[in-house]
**Q** 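So that we are looking at the same thing, I have put the structure below in structure tokens.
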Amino acid sequence: MTRRIDDYAIIGDCQTAALVSRSGSIVWLCLPRFDSASVFASLLGNEENGRWSIAPRHESFVASRSYREGTLILETTFRTPSGSAMLVDFMPPCDGLSSLVRIVVGLEGSVDFAFDLAMRFDYGRSIPWVRRVDDRTMTAIAGPDALVLRSPVELRGEDMHTKGEFAVASGERIAFTLAHQPSHLPPFDGTDPEAGLADTERFWREFSDRCPDVGAWTKEVKRSLVTLKALTYAPTGGIVAAATTSLPETMGGERNWDYRFCWLRDATLTLMAFMDLGYFEEADAWRSWLMRAVAGDPAQMQIMYGVAGERHLLEWHVPWLDGFRASRPVRIGNAAAEQFQIDVYGEVADMLLQARSGGLAPHPRSAAVARVVMPFLEEVWRRPDEGIWEVRGDRRHFVHSKVMAWVAFDRSARMAAETEGGEILFERWRRIADEIRADVIENGFDEDLGSFVQSYGSKALDASLLHIPMTGFLPADDPRVVGTVRAIEERLMRDGFVLRYDTGETDDGLSGEEGAFLACSFWLADVYILQNRYEDALRLFERLIAVSNDLGLLAEEYDPRNREMLGNFPQAFSHVGLIVTALNLSRAKGPADERAEAETIAATDA
């Protein structure tokens, strides 16, 4: 059977995460952090690259799955001719050491199970030294890392795998734990599986029960909130774009990237999603992470950082992994961290303004950051850059980048106007914002197309142009915005979903096509709302929800022709988009209206 990206579920402990297949196999897990080397990598290779399978021995079993309401506890139910059983998978909230718990619960009759564990460190390359500590405990060591397996079932070594068989009858519960620790320390006491289950359920329910009513979409919003929390590195508050690397944007192609890092471009909408739902602690943690990450010389500000703010994200290829459905190369690290992208400065300024407007206490360094960053941006906003989509071709004058430079000066001017003694800075930054706006309107709008374009002098379109009304650069009903939306509908939509850009028109330095970008499709729904096209927004939103997998999870992209997800999974940007659009649809004034307000500038030509 052909594997699909939407076949998987995520479990995690807010420091790392694992992917679980429909048949009960854990195929991806990096320890001790999201961006650490994996111990299970069969997702990107085969079972010899690491996996943990617990599944019925009878080949004709039927599996179904669901999360416990409001949690990240996965329950997979197996039905066989002899009976049925449930596999409960979870990772207890991390207290410094990650552990994975799997409890097999007998439901009806009796079910025979096969246990097959292949532990492989260093992205599937290093086979550990496995030894038995006692009748219930085994350790696996490779260099600095150790895994401690505790099992009530007798296991044996076979062909570099740890295997066993057992049966579970109705009412029985058989629990396994796998914990990570430094290899130089003696095995720590294991997690009590049942106590860990209770603690894990309590942790997630306390988080998700705070979610307010969002009308018909409360269930989807709550699942997206839980997913965002699962992608949060709790020690720092950083949110990774996805839990995976190198899940392809084109099956069999080279558009495979490592997304286990934190992008600044997600900052404002993520912050607003948290604040508009009342999650101010999470919003403040995200803002604090960002302010630490960008501290320093503004010329060195990056588009992304590691989960603790690391800057060196060296990109390299893993030659021993074949890739998901032969999609190569498998990449570790991300060279886009070294790119120059002007939009990130606007994202930081917008985030700071929205944090203040949303009720967060002022950050102690926000004014100082503005005074350092804005003079630098004043010097560089006219330069070409790589743009929001991190193209690996030549730098260009991307319209979105210029718009976000305008956002930086517009938001900084607004904040200066509210600051004692900020009149001089207000006037200066307001003037520069006006200058940028005039430049974009003169060079970024194509009269023949009746639309803004991807970059100065280009005829190509780009879904990032939807940020023109979303940021308040121009009103949503401005004829130039209306024309841009119409052009995107005509040229960038495929079967009702939005492409980032047409890869046939835009040289991004890569071969092949890609799928529709889900976040961009949510943006279009948000712009429809700003244009009072509520029914169009609703239809698009319901179409987007319908492509979620059976657990409510979304990847980065979607292939409408083959009806399957593409790209890394689950994707924070997609789930933020779902939350924001649901709020826009369900509230008289949602995040779209809040962000698009541009009270300090007239909506007329400069």
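FYI, the numbering just counts along the sequence from 1.
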**Q** Does a side-chain N-to-carboxylate-O contact under 4.0 Å join K459 and E505?
**A** no
**Q** For the pair W286 (side chain) and A267 (backbone), establish whether a donor and an acceptor sit closer than 3.5 Å, ignoring hydrogens and angles.
**A** yes
**Q** Is the shortest distance from a Lys or Arg side-chain nitrogen in R255 or E556 to a carboxylate oxygen in the other one below 4.0 Å?
**A** no
**Q** For G306 versus C262, what's the shortest heavy-atom pair and its separation?
**A** O-SG, 4.2 Å
**Q** side-chain contact (heavy atoms from CB on, under 4.5 Å), that's the test. Do L277 and L225 meet it? Break it down for me.
**A** CA-CA 9 Å; L277 291 170; L225 267 174; 3.6 Å; yes
**Q** I'd like to check F34 versus F261 (side-chain heavy atoms, cut-off strictly below 4.5 Å). Are they in contact?
**A** no
**Q** Any carboxylate oxygen within less than 4.0 angstrom of a Lys/Arg side-chain nitrogen, looking at D434 and R431?
**A** no
**Q** Output, in order, the C-alpha distance, side-chain angles, deciding distance and verdict of side-chain contact (heavy atoms from CB on, under 4.5 Å) for V226 and R223.
**A** CA-CA 5 Å; V226 169; R223 177 49 52 192; 3.5 Å; yes
**Q** Between Q531 (side chain) and A476 (backbone), is there a donor-acceptor pair under 3.5 Å?
**A** yes
**Q** I'd like to know if the side chain of T484 reaches the main chain of F452, judged simply by a donor and an acceptor atom lying under 3.5 Å from each other, with no hydrogens or angles considered.
**A** yes
**Q** Looking only at atom types and distance, does a side-chain atom of N549 sit under 3.5 Å from a main-chain N or O of D6, one as donor and one as acceptor?
**A** yes
**Q** Salt bridge check, R392 against E254: does any charged N sit closer than 4.0 Å to a carboxylate O?
**A** no
**Q** Checking D508 against T506: is there a side-chain donor and acceptor pair closer than 3.5 Å?
**A** no
**Q** When you check the gap from the basic side-chain N to the acidic O, do D343 and R265 get nearer than 4.0 Å?
**A** no
**Q** For the residue pair E435 / W381, report whether a side-chain donor-acceptor contact shorter than 3.5 Å exists.
**A** no
**Q** Could you tell me whether D258 and R331 make a salt bridge, using a distance below 4.0 angstrom between a side-chain N and a carboxylate O?
**A** no
**Q** Among V527, L530, V481, which residue meets the side-chain contact (heavy atoms from CB on, under 4.5 Å) test with L466?
**A** V527
**Q** Which pair of non-hydrogen atoms, one from M470 and one from D526, has the smallest distance, and what is that distance?
**A** CE-OD2, 4.4 Å
**Q** Side chains of T503 and L510, heavy atoms from C-beta outward: is any pair under 4.5 Å?
**A** no
**Q** So do Q571 and M565 actually touch side chain to side chain, heavy atoms under 4.5 Å?
**A** no
**Q** side-chain contact (heavy atoms from CB on, under 4.5 Å), that's the test. Do F573 and T270 meet it? Break it down for me.
**A** CA-CA 8 Å; F573 216 17; T270 302; 5.9 Å; no
**Q** Could you tell me whether the side chain of Y305 and the main chain of R292 form a donor-acceptor pair under 3.5 Å?
**A** no
**Q** Between the side chains of S401 and D385, does any donor sit under 3.5 Å from an acceptor?
**A** yes
**Q** Is there a donor-acceptor contact under 3.5 Å from the side chain of Q341 to the main chain of G387?
**A** yes
**Q** Regarding R210 and E282, does a basic nitrogen lie under 4.0 Å from an acidic carboxylate oxygen?
**A** yes
**Q** Checking side-chain contact (heavy atoms from CB on, under 4.5 Å) between W289 and each of V294, T236, I239, which is the one that passes?
**A** T236
**Q** Any donor and acceptor pair, going by atom type alone, linking the side chain of N443 with main-chain N or O of D439 inside 3.5 Å?
**A** yes
**Q** Is the shortest side-chain N to carboxylate O distance from D536 to R539 below 4.0 Å?
**A** yes
**Q** Parallel, tilted or perpendicular: which one describes the rings of W389 and Y501, with boundaries at 30° and 60°?
**A** tilted
**Q** Under 3.5 Å, side chain of S455 to main-chain N/O of F398, donor-acceptor pair present?
**A** no
**Q** Under the criterion side-chain contact (heavy atoms from CB on, under 4.5 Å), I'd like the reasoning laid out for L518 against L544: C-alpha separation, chi angles, the key distance, then a yes or no.
**A** CA-CA 7 Å; L518 295 179; L544 286 162; 3.8 Å; yes
**Q** Hey, does W263 have a side-chain heavy atom less than 4.5 Å from the side chain of E390?
**A** yes
**Q** Is there a donor-acceptor contact under 3.5 Å from the side chain of H363 to the main chain of S288?
**A** no
**Q** Check this for me, if you would: do E594 and R587 make a salt bridge, where the nitrogen-to-carboxylate-oxygen distance has to be below 4.0 angstrom?
**A** no
**Q** Measuring only between side-chain heavy atoms, which start at C-beta, is D478 closer than 4.5 Å to F473?
**A** no
**Q** Give a yes or no answer on whether the side chain of Y8 reaches the backbone of P570 with a donor-acceptor pair at less than 3.5 Å.
**A** no
